[in-house]
Peer 1: 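I'd like to ask some things about the structure below.
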Amino acid sequence: MKLTKLIKYLDKKFPSSKAYEWDNVGIQKFNRKVVDLDKEILNVLITMDLNKMSLDKIKNNKIDFIITRHPFIFNDLNKEKENPFKKELIKFLTKQNIYVFSIHTNYDICGYNAFVEELSKQFSIKKAKFPLLHKEYLEVNLSKEITNNELIESLKKIFNTKTIQINNNDQFKTSKFFINQGSGASSIVSKQIKDSVFITGEAKWSDWIYANDNNVTLIVAGHYMENYFINDIEARLSNNFKDLKIEKIDIKEQYYVK
């Protein structure tokens, strides 16, 4: 299958115009080569990030197209090359003529139904919607109230994590929470959220301070909560491109909790 056909499909499902202004989605430019849209794509790798595990998979499976959730080139290219591993990886990808395509915040917005499906594995959801035009987070309304312990245990099961960070040790019940993915705690500050339950992947110290001062129960489940992306993209491609050979790699959580 030609590269242009695959890119058109991905662009239709996850338009780059839906990504946040600061994001870098789509084909990742890390060399001066002109993108060969007529290149035949046979073997695709889907992963959250390109790391050493990903590289081993690429070499062993003759991958010619890679789809990542997090942009491979997020900062200025020279800045990215300050990472020794990434610098060598760029040389390898360039030499092997392997393209990288990233779907990030445009996936959060356009593929949110897949995220709701993940939540529905543990929660009885009455309604899930974006409460804002910019769609930074979902508002999830449950069919019944649940305790904070039930909420936390459900999150652990959904996102396959053993630890959850939370700023409120009191017992409470809730039938509604806000949730976004990745490093999304800054939304509580920028949108002046208060008196709510907010769930995300990562938070800065200043986010915790804001949450405590404004009666926000802040729950952090880890950035790994985004990993369902891999199986979702695999299913979409498998259903639409029968001739593609699809590999995927779960890079696992990047640290241990002792």
Side-chain angles (χ1 to χ4, degrees), residues 20 23 48-49 69-70 104-232 252-255 257:
Y20 296 161
D23 208 359
M48 273 181 66
D49 297 88
R69 176 151 192 175
H70 298 134
H104 193 209
T105 52
N106 48 334
Y107 178 78
D108 294 339
I109 294 170
C110 300
Y112 79 94
N113 282 329
F115 186 48
V116 174
E117 288 177 9
E118 290 297 305
L119 296 175
S120 297
K121 292 177 180 179
Q122 291 293 323
F123 297 114
S124 177
I125 296 177
K126 181 179 180 181
K127 188 176 183 180
K129 64 177 182 178
F130 289 114
L132 304 167
L133 292 176
H134 45 75
K135 300 181 179 180
E136 284 189 19
Y137 50 83
L138 281 171
E139 177 184 316
V140 178
N141 291 274
L142 305 178
S143 299
K144 62 179 182 178
E145 281 191 330
I146 59 174
T147 67
N148 56 326
N149 290 332
E150 290 172 329
L151 175 60
I152 290 171
E153 289 306 311
S154 293
L155 292 172
K156 286 181 178 179
K157 291 176 182 178
I158 294 169
F159 301 125
N160 192 28
T161 181
K162 295 180 180 179
T163 59
I164 294 286
Q165 292 177 294
I166 184 170
N167 64 334
N168 183 358
N169 200 35
D170 297 331
Q171 297 297 314
F172 65 87
K173 290 185 178 181
T174 186
S175 60
K176 184 178 80 170
F177 56 79
F178 299 124
I179 187 167
N180 67 6
Q181 304 168 62
S183 302
S186 60
S187 292
I188 65 174
V189 180
S190 63
K191 304 310 170 190
Q192 300 180 1
I193 294 174
K194 62 179 183 178
D195 305 322
S196 303
V197 177
F198 193 95
I199 304 164
T200 189
E202 291 184 54
K204 298 182 296 185
W205 178 256
S206 57
D207 299 325
W208 291 107
I209 294 292
Y210 177 95
N212 286 322
D213 288 345
N214 289 279
N215 194 35
V216 176
T217 297
L218 180 57
I219 300 174
V220 172
H223 213 119
Y224 189 66
M225 69 187 296
E226 295 184 329
N227 206 49
Y228 70 94
F229 161 91
I230 296 172
N231 289 336
D232 181 43
K252 304 294 183 183
E253 186 60 272
Q254 294 297 290
Y255 56 85
V257 178

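Computation of the quantities below employed the complete heavy-atom set of this structure, encompassing side-chain atoms and omitting hydrogens, waters and symmetry-equivalent molecules.
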Peer 1: Using side chain to side chain contact (heavy atoms under 4.5 Å, CB included) as the criterion, list what pairs up with Ile152, not counting sequence neighbours.
Peer 2: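 Ile152 satisfies side chain to side chain contact (heavy atoms under 4.5 Å, CB included) with Lys156, Ile164, Ile166 once adjacent residues are dropped.
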Peer 1: Ignoring hydrogens and geometry beyond distance, is a side-chain donor-acceptor pair present between Tyr107 and Gln181 at under 3.5 Å?
Peer 2: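 Not at all, the side chains of Tyr107 and Gln181 share no donor-acceptor pair under 3.5 Å.
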Peer 1: Is the closest side-chain heavy-atom distance between Asp108 and Tyr137 below 4.5 Å?
Peer 2: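 Not touching, per the 4.5 Å side-chain cut-off.
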Peer 1: What residues form a side chain to side chain contact (heavy atoms under 4.5 Å, CB included) with Asn215, not counting sequence neighbours?
Peer 2: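 Asp195.
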Peer 1: List the steps, then state whether side chain to side chain contact (heavy atoms under 4.5 Å, CB included) holds for Ser187 with Phe198.
Peer 2: CA-CA 9 Å; Ser187 292; Phe198 193 95; 3.9 Å; yes
Peer 1: Using the test side chain to side chain contact (heavy atoms under 4.5 Å, CB included), find all partners of Lys194 that sit at least two apart in sequence or belong to another chain.
Peer 2: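 Lys194 satisfies side chain to side chain contact (heavy atoms under 4.5 Å, CB included) with Asn214 only.
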Peer 1: Show the nearest heavy-atom pair for residues Met225 and Asn180, with the distance to one decimal.
Peer 2: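 Heavy-atom minimum between the residues: CE-O, 3.7 Å.
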Peer 1: Could you give me the CA-CA distance, side-chain angles and deciding distance for Trp208 and Val220, then say whether side chain to side chain contact (heavy atoms under 4.5 Å, CB included) is met?
Peer 2: CA-CA 10 Å; Trp208 291 107; Val220 172; 3.6 Å; yes
Peer 1: Give the C-alpha distance, both sets of side-chain angles, the deciding distance and a yes or no for side chain to side chain contact (heavy atoms under 4.5 Å, CB included) between Gln171 and Asn149.
Peer 2: CA-CA 8 Å; Gln171 297 297 314; Asn149 290 332; 3.5 Å; yes
Peer 1: Between atom CG of Asp49 and atom CD of Glu226, what is the distance when rounded to the nearest 0.5 Å?
Peer 2: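 Reported to 0.5 Å precision, the distance equals 8.5 Å.
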Peer 1: Provide the closest heavy-atom pair for Leu218 versus Ala203 in the form atom of the first, atom of the second, distance.
Peer 2: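 That closest heavy-atom pairing would be CD2-CB, 4.0 Å.
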Peer 1: Could you pull out all residues at least two apart from Lys126 that satisfy salt bridge (charged side-chain N to carboxylate O under 4.0 Å, His left out)?
Peer 2: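 None.
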Peer 1: Extract all donor-acceptor atom pairs below 3.5 Å that involve side chains of residues 111-118 and protein atoms in other chains or at least two apart in sequence.
Peer 2:
from   : atom 1 : to     : atom 2 : distance (Å)
Glu118 : OE1    : Lys121 : NZ     : 3.4
Glu118 : OE2    : Lys121 : NZ     : 3.0

Peer 1: Would you mind reporting whether Leu151 and Ile199 have side-chain heavy atoms less than 4.5 Å apart?
Peer 2: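 Yes, at least one pair of side-chain atoms sits under 4.5 Å.
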Peer 1: Decide yes or no for Phe178 and Lys191: does some side-chain heavy atom of the first lie under 4.5 Å from some side-chain heavy atom of the second?
Peer 2: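 Not touching, per the 4.5 Å side-chain cut-off.
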Peer 1: Listed by chain and number, what are the side chain to side chain contact (heavy atoms under 4.5 Å, CB included) partners of Phe172, not counting sequence neighbours?
Peer 2: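 Side chain to side chain contact (heavy atoms under 4.5 Å, CB included) check on Phe172 returns Asn148, Asn168, Thr174, Val197, Thr217.
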Peer 1: With a 4.5 Å limit on heavy-atom distance, are the side chains of His70 and His223 in contact?
Peer 2: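 Of all side-chain heavy-atom pairs linking His223 with His70, at least one is under 4.5 Å.
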